[in-house]
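The structure appears right after this line, and notes come after that.
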Amino acid sequence: MIRPIDLSPLDYPMALKPTLGYELQLYVSTQQSVEPAQFLVAAANSGVLTPSEADLATLAAAPMELLAELEDDVDCGGSDMVLTVTGTDANNAPLTGTATFKVPAYSSFTERVFPKGYAVEVTTASGNPFATITSVTVACAANAAGTNIALFGVPALSTYRLIGCKTQLNFDPKVPLPHAVQCGRDLSAFIKLGEIPEGTLDVTAKIPTFSDGLSRVNGRRVTGLIKEVKEDKLDTMHIFLMGLIMTAKATVGESVDPATLSAAAKYEDIAIMLAQ
């Protein structure tokens, strides 16, 4: 399982409370993610699968669990959008998984409207990772037509390591910037979706030794995971950063000031998974 576990009704009040800085921590896996396929929702209950042969070959060599991530913002209309993914596992046994885009049970925002980057896990009965993908189907309302969905294979949660003693963590969710279109003297007569900015992340940690932490992954392509754990016990959000490369530099203060490593990073894709 790569998503947070489902919450109970008793957890809902805590899940909706504000988040403190220490409740968001960065983890990295030296195993790289893959994007074996893209799926276009063409109409109600209809879509087109576009596979990536290179990433499918990587997936076959190292099977992974899958997530489905929205490449566009979407209004799913009157019903949840459900993807069904079929393929095989590492033993060449048939494998079927589903990815359901639905509103978290504790959310007061009940419309089935989701932003670019929103993601859900492709869950299977066995929990086995996918080695191949043979087909994808969708059950959805007509509202979802035109939505692009990326399928990613991501490393198992057991492969991630904490970037310890984090003092700062900032990231850009990589959604389109608003762009103003001028009409006469009105500089923002129309506002349209503009360019999608670079995905960036900045992190500072108090462990500058080259035996651990940021130094061990400095300059490497990794998979990032930002976990939100409320009050040290309630796992509410997993944010995966695919194609993440961090470049760290050391800052050494005077006397008892702690030495730190600060990394400026860029990533290719973001997938935000919420507890349900």
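Residue Thr123 holds its OG1 atom at 8.5 Å from CE of Met1, rounded to the nearest 0.5 Å. Rounded to the nearest 0.5 Å, atoms CD (Glu23) and NZ (Lys230) are 6.5 Å apart. One finds the CG atom of Asp257 at 10.0 Å from the NZ atom of Lys206 (value rounded to the nearest 0.5 Å). We find the CD-CG distance between Glu35 and Leu66 to be 11.5 Å, quoted to the nearest 0.5 Å. To the nearest 0.5 Å, the span separating OG1 on Thr19 from CG on Leu24 amounts to 6.0 Å. Annotation: the span from Asp55 atom CG to Ser33 atom OG amounts to 8.5 Å, rounded to 0.5 Å.
Hydrophobic clustering of Ile, Leu, Val, Met, Phe, Trp and Tyr side chains at less than 4.5 Å, counting indirect connections, unites Val138 with Phe101. The hydrophobic clustering, which links ILVMFWY residues whose side-chain heavy atoms are closer than 4.5 Å, places Leu67 and Val41 apart. By the criterion of side-chain heavy atoms lying less than 4.5 angstrom apart, applied directly or through intervening Ile, Leu, Val, Met, Phe, Trp or Tyr residues, Met64 is grouped together with Val222 in one hydrophobic cluster. Note: the hydrophobic cluster containing Val120 also contains Leu95 (ILVMFWY, side chain heavy atoms under 4.5 Å, direct or indirect links). Put simply, Ile226 and Ile2 are part of two different groups of oily side chains (I, L, V, M, F, W, Y) that touch within less than 4.5 Å, one to the next.
No donor-acceptor distance shorter than 3.5 angstrom exists from the side chain of Thr100 to the backbone of Lys102, with no hydrogens or angles considered. At distances below 3.5 Å, not a single donor-acceptor pair connects side-chain atoms of Lys116 with backbone N or O atoms of Val175. Not one N or O on the side chain of Ser46 forms a donor-acceptor pair closer than 3.5 Å with the backbone of Ala43. The main-chain N or O of Ala264 is never found under 3.5 Å from a side-chain atom of Lys249 such that the two would form a donor-acceptor pair. Using modelled atom types, one side-chain atom of Thr159 and one backbone atom of Ala156 make a donor-acceptor pair closer than 3.5 Å. Not one N or O on the side chain of Asp235 forms a donor-acceptor pair closer than 3.5 Å with the backbone of Val229. For Lys166 (side chain) and Gly21 (main-chain N/O), a donor-acceptor pair under 3.5 Å exists by modelled atom type. Tyr118 places no side-chain N or O within 3.5 Å of a backbone atom of Val74 that could act as its donor or acceptor partner.
In this structure the side chain of Gln168 never reaches within 4.5 angstrom of the side chain of Thr260, judged on heavy atoms. The side-chain heavy atoms of Pro63 and Asp89, taken from C-beta on, include no pair separated by under 4.5 Å. Within the 4.5 Å cutoff, no side-chain heavy atoms of Phe240 are placed close to those of Asp269. Tyr27 places none of its side-chain heavy atoms less than 4.5 Å from the side chain of Leu157. Side-chain contact between Leu70 and Thr147 is present, with at least one heavy-atom pair separated by less than 4.5 Å. Taking 4.5 Å as the limit, some side-chain heavy atom of Leu7 sits within range of a side-chain heavy atom of Leu234. Taking 4.5 Å as the limit, some side-chain heavy atom of Phe171 sits within range of a side-chain heavy atom of Ile239. Residues Met14 and Lys233 have side chains in contact (heavy-atom distance under 4.5 Å, counting atoms from C-beta outward).
Across Ala62 and Gln31, no two heavy atoms sit closer than the pair CB-NE2, 4.4 Å. The minimum heavy-atom distance between Gly97 and Thr124, with the atom names listed, is CA-CG2, 3.7 Å. In terms of heavy-atom proximity, Pro13 sits nearest to Pro9 at CD-O, 3.8 Å. The two residues Ala105 and Tyr12 come nearest to each other via the heavy atoms CB-OH, 3.4 Å. Listed here is the closest heavy atom pair of Met242 and Ala271: CE-CB, 3.9 Å. The shortest non-hydrogen separation linking Thr204 to Ser262 is OG1-OG, 3.0 Å.
Thr132 and Thr88 form a side-chain donor-acceptor contact under 3.5 Å, judged by distance and modelled atom types alone. Side chains of Asp72 and Asn148: a donor-acceptor N/O pair is present below 3.5 angstrom, by distance only. When only modelled atom types and interatomic distance are considered, Thr86 and Thr134 share a side-chain donor-acceptor pair under 3.5 Å. Judged by distance alone, the side chains of Thr236 and Glu228 do bring a donor and an acceptor atom under 3.5 Å apart. Using modelled atom types, one finds a donor on one side chain and an acceptor on the other under 3.5 Å when comparing Ser8 with Asp11.
No more than 12 heavy atoms of other residues, nucleotides or ligands shown are found within 6.0 angstrom of NZ on Lys266. Remark: Ile5 CD1 is loosely packed, at most 12 non-hydrogen atoms of other residues, nucleotides or ligands lying under 6.0 Å away. Summarising the local packing, CZ of Phe210 is surrounded by 12 or fewer heavy atoms from other residues, nucleotides or ligands at distances under 6.0 Å. Environment of CD in Glu111: crowded, with over 12 heavy atoms of neighbouring residues, nucleotides or ligands closer than 6.0 Å. Shown here is Phe190, whose CZ atom has no more than 12 heavy atoms of other residues, nucleotides or ligands within 6.0 Å.
Shown here are the side-chain contact (heavy atoms from CB on, under 4.5 Å) partners of Leu187, two or more places apart in sequence or in another chain: Gln182. With sequence neighbours excluded, the residues forming a salt bridge (Lys or Arg N to Asp or Glu O under 4.0 Å) with Arg112 are Asp80, listed by chain and number.
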- Message: Run Val103 and Phe114 through side-chain contact (heavy atoms from CB on, under 4.5 Å) and show every step you take.
- Response: CA-CA 9 Å; Val103 178; Phe114 305 103; 4.2 Å; yes
- Working for side-chain contact (heavy atoms from CB on, under 4.5 Å), residues Ile163 and Leu214: CA-CA 7 Å; Ile163 300 298; Leu214 286 172; 3.9 Å; yes
- Taking it one step at a time, do Met246 and Val28 satisfy side-chain contact (heavy atoms from CB on, under 4.5 Å)? CA-CA 10 Å; Met246 299 188 290; Val28 295; 3.8 Å; yes
- Yes or no on side-chain contact (heavy atoms from CB on, under 4.5 Å) for Leu274 and Tyr106, after CA distance, side-chain angles and deciding distance? CA-CA 11 Å; Leu274 302 179; Tyr106 51 91; 4.2 Å; yes
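For the side-chain contact (heavy atoms from CB on, under 4.5 Å) criterion with Leu201, the lone passing option out of Leu26, Asn170, Ile245, Asp172 is Leu26.
Ion pairing between Glu65 and Arg3 fails under the 4.0 Å rule for side-chain N and carboxylate O.
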